[in-house]
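These figures come from a predicted structure and were not determined experimentally. We name chains A, B, ... by the order of the sequence lines, and we start the count at 1 in each one.
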Protein chains: 2
Amino acid sequence: MARPRNPLLSHERIVGAALGLVDGEGLDALSTRRLAAELGVSGPSLYHHFATKDALLDAVVDAVVGEVRLDMLGRDPWPDALRAWARSYRAALAAHPNLVPVLAHGPGRRPNALRLADAVFGALVDAGWPTGDATRIGALMRYLVFGSALGSFAGGFVDDEGLYAEQYPHLGQAHLLADRQRAVDEGAFELGLDSILLGLEARYARLGEQAAAATSSNRYSARS
Amino acid sequence: MARPRNPLLSHERIVGAALGLVDGEGLDALSTRRLAAELGVSGPSLYHHFATKDALLDAVVDAVVGEVRLDMLGRDPWPDALRAWARSYRAALAAHPNLVPVLAHGPGRRPNALRLADAVFGALVDAGWPTGDATRIGALMRYLVFGSALGSFAGGFVDDEGLYAEQYPHLGQAHLLADRQRAVDEGAFELGLDSILLGLEARYARLGEQAAAATSSNRYSARS
DNA sequence: ACCTGAACACCGTTCAAGT
DNA sequence: ACCTGAACACCGTTCAAGT
């Protein structure tokens, strides 16, 4: 065959097929040879479009991150914005649970991941959060979103009644969890979101009081 | 050589060498051949002690989970217990960050992981939490512990000043994060712990009020 | 029972060759 | 520029052979 007149492959077609493979058959099914077969080409062809398999995976991951809504950041009040953003983030990842372990490795040089990090950090700082707090809040939201999107907690229990009942007195119902995985992870996510926002709003109020106190003491010392 | 009088390998020796390899050179360095070489044997020898590489990894993971303290659960008041347990859990995982992605796949059939899940669930239920809440709280704590132990957030930013400054207005300092990775993850963990416990205590207080209200309305209806 | 070398079916990646 | 088949150095795992 050799070089065809119209290229057989494109960035988008490869990323789409790779995502389909990971969603359908898991991360292990994504080998260069398997993916190439899916695309009707030979294995090494992929290396004309991506330098390494890792670069390909980065592109797949960044396509998913690109689905996260960022428009509420810097527009709505920060607690509302953070809540809506986290839900959109979680929804984008939960649609591709097999990909989450790869996502967990940080933004690296992926453009959409960097745009996301920039938007949330910027919105928090603009709302008056100190930069140190803004960094920690961004990290904390990541923990919540990734953990609940992994589907790991409930899915990690084996569907085998005998295993739990004998030895672990409180886990008698644990084998049922596999079915309820999605509901448990969503419930834990919403519980975490409520708690974290409650805690952050209390902290934010204290920030405001401290700033007011600092201002009045400045006035006072300026006067004396 | 063939079979020696004293076995060359043991469960413990294999697990120890595997953990050392993962800690020192990352998860990818753990291949059956590489591990065998480290132990002075040939690759297939490992299959006389573990059925598959996954079973070996499970044993490594469970050894780490076995380091988590559980003694405070069911003994101290639940908010104190939850806080101390989460810190011990995080410390155990943070000592082996390369292993955390494997841990994230749920308890499966690992005895120490099941013992841990049983202990925290039981302590919460005994403290008066409904089982549904206890499940969600356990999952939520896992998100927090795993996320912060991965060291993924800050470590995921590349140490390359030019990359951020040009395109992402709020990330001008992001290349410094690699150095501060541990501090950021610990700060985000503690922030999350404070917020979540604050939120849970408020929720717990409401539970108590509802129970009291239900009791008094029962008395009332019994009277009429 | 426990370790060996040979072998199987896979990997990611490189490269000279084809158009 | 884009695709190919052949090849390299790796995998996890199986198995007959040795003591």
Side-chain angles (χ1 to χ4, degrees), chain A residues 1-62 98-99 101-102 105 108-110, chain B residues 1-62 98-99 101-102 105 108-110:
Chain A
M1 186 186 293
R3 173 157 130 87
R5 253 187 260 88
N6 293 330
L8 298 175
L9 297 178
S10 73
H11 214 80
E12 291 79 29
R13 222 167 76 77
I14 295 172
V15 167
L19 188 56
L21 210 45
V22 171
D23 285 345
E25 307 189 31
L27 207 52
D28 290 343
L30 185 70
S31 74
T32 54
R33 284 173 172 87
R34 182 88 161 70
L35 175 60
E38 214 81 24
L39 290 160
V41 299
S42 98
S45 305
L46 298 169
Y47 287 85
H48 291 275
H49 301 267
F50 293 96
T52 62
K53 188 191 169 184
D54 274 351
L56 197 166
L57 253 179
D58 264 3
V60 174
V61 159
D62 214 42
N98 297 338
L99 207 57
V102 183
H105 286 145
R109 307 183 117 87
R110 289 180 266 117
Chain B
M1 184 183 292
R3 172 158 129 88
R5 253 187 262 89
N6 294 332
L8 298 176
L9 298 177
S10 72
H11 213 81
E12 291 79 29
R13 221 165 79 76
I14 296 172
V15 167
L19 188 56
L21 209 47
V22 171
D23 284 344
E25 307 188 33
L27 207 52
D28 289 343
L30 184 69
S31 75
T32 55
R33 284 171 173 88
R34 181 90 161 69
L35 175 60
E38 214 80 24
L39 290 161
V41 299
S42 99
S45 305
L46 298 169
Y47 287 84
H48 291 277
H49 301 267
F50 294 96
T52 63
K53 188 190 171 187
D54 274 351
L56 197 165
L57 253 179
D58 265 1
V60 174
V61 160
D62 214 42
N98 296 338
L99 207 57
V102 183
H105 286 145
R109 308 183 118 86
R110 290 180 265 118

Participant: Run through DNA chain D and report every stem of 3 or more consecutive Watson-Crick or G-U pairs, distances under 3.5 Å, ordered by first number.
Facilitator: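 DNA chain D forms these stems: C:4-8 with D:12-16, C:12-16 with D:4-8.
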
Participant: For nucleotides 7-10 of chain C, give me every protein contact, N/O to N/O, under 3.5 Å, one pair per line with atom names.
Facilitator:
unit_1	atom_1	unit_2	atom_2	d
dA7(C)	N6	R33(B)	NH2	3.4

Participant: Of the nucleotides dC3(C), dT4(D), dT14(C), which one has an atom closest to the side chain of Y47(A)?
Facilitator: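 Taking heavy atoms from C-beta onward, the closest nucleotide is dT14(C).
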
Participant: Rounded to the nearest Å, what distance is computed from the CG atom of residue L27(B) to the C1' atom of nucleotide dG12(D)?
Facilitator: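 Spelled out: CG on L27(B) to C1' on dG12(D) is 15 Å.
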
Participant: Mind checking the CG-CG spacing from D28(A) to N98(A)? Nearest 0.5 Å is all I need.
Facilitator: 9.5 Å

Participant: What residues form a side chain to side chain contact (heavy atoms under 4.5 Å, CB included) with D62(B), not counting sequence neighbours?
Facilitator: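 Result, side chain to side chain contact (heavy atoms under 4.5 Å, CB included) vs D62(B): V65(B), R110(B), P111(B), N112(B), A113(B).
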
Participant: What residues from residues 49-62 of chain B pass a heavy-atom cutoff of under 4.0 Å to DNA chain C?
Facilitator: H49(B)

Participant: Looking at S42(A), does any N or O in its side chain come under 4.0 Å of the phosphate oxygens OP1/OP2 on dC3(D)?
Facilitator: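 Indeed not, no polar side-chain atom of S42(A) lies that close.
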
Participant: How long is the gap from CG on L21(B) to CG on L30(B), to the nearest 0.5 Å?
Facilitator: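 Between atom CG of L21(B) and atom CG of L30(B) there are 5.5 Å.
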
Participant: Looking across every strand, which nucleic acid part, if any, lies under 4.0 Å from L46(A) by heavy atom: base, sugar-phosphate, or nothing?
Facilitator: nothing

Participant: Give me the residues of residues 12-24 of chain A where at least one heavy atom lies under 4.0 Å from an atom of DNA chain D, by number, or none.
Facilitator: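 Nothing qualifies; none.
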
Participant: Check residues 36-49 of chain A and write down every donor-acceptor pair under 3.5 Å in which the side-chain atom is one partner and the other belongs to a residue at least two apart or another chain.
Facilitator:
unit_1	atom_1	unit_2	atom_2	d
E38(A)	OE1	R34(A)	NH1	2.6
S45(A)	OG	S42(A)	O	2.9

Participant: If the cut-off is 4.0 Å, is S45(A) near the phosphate of dC2(D), judged by side-chain N/O to OP1 or OP2?
Facilitator: no

Participant: Select one nucleotide: of dT4(D), dG12(C), dG12(D), the one nearest the side-chain heavy atoms of T32(B).
Facilitator: dG12(D)

Participant: Tell me, please, which residues at least two apart from H11(B) pass ring pair (Phe, Tyr, Trp, His ring centres under 6.0 Å).
Facilitator: F50(B)

Participant: Checking D23(B) now: which residues fulfil side chain to side chain contact (heavy atoms under 4.5 Å, CB included) with it, not counting sequence neighbours?
Facilitator: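 So D23(B) forms a side chain to side chain contact (heavy atoms under 4.5 Å, CB included) with L19(B), H96(B).
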
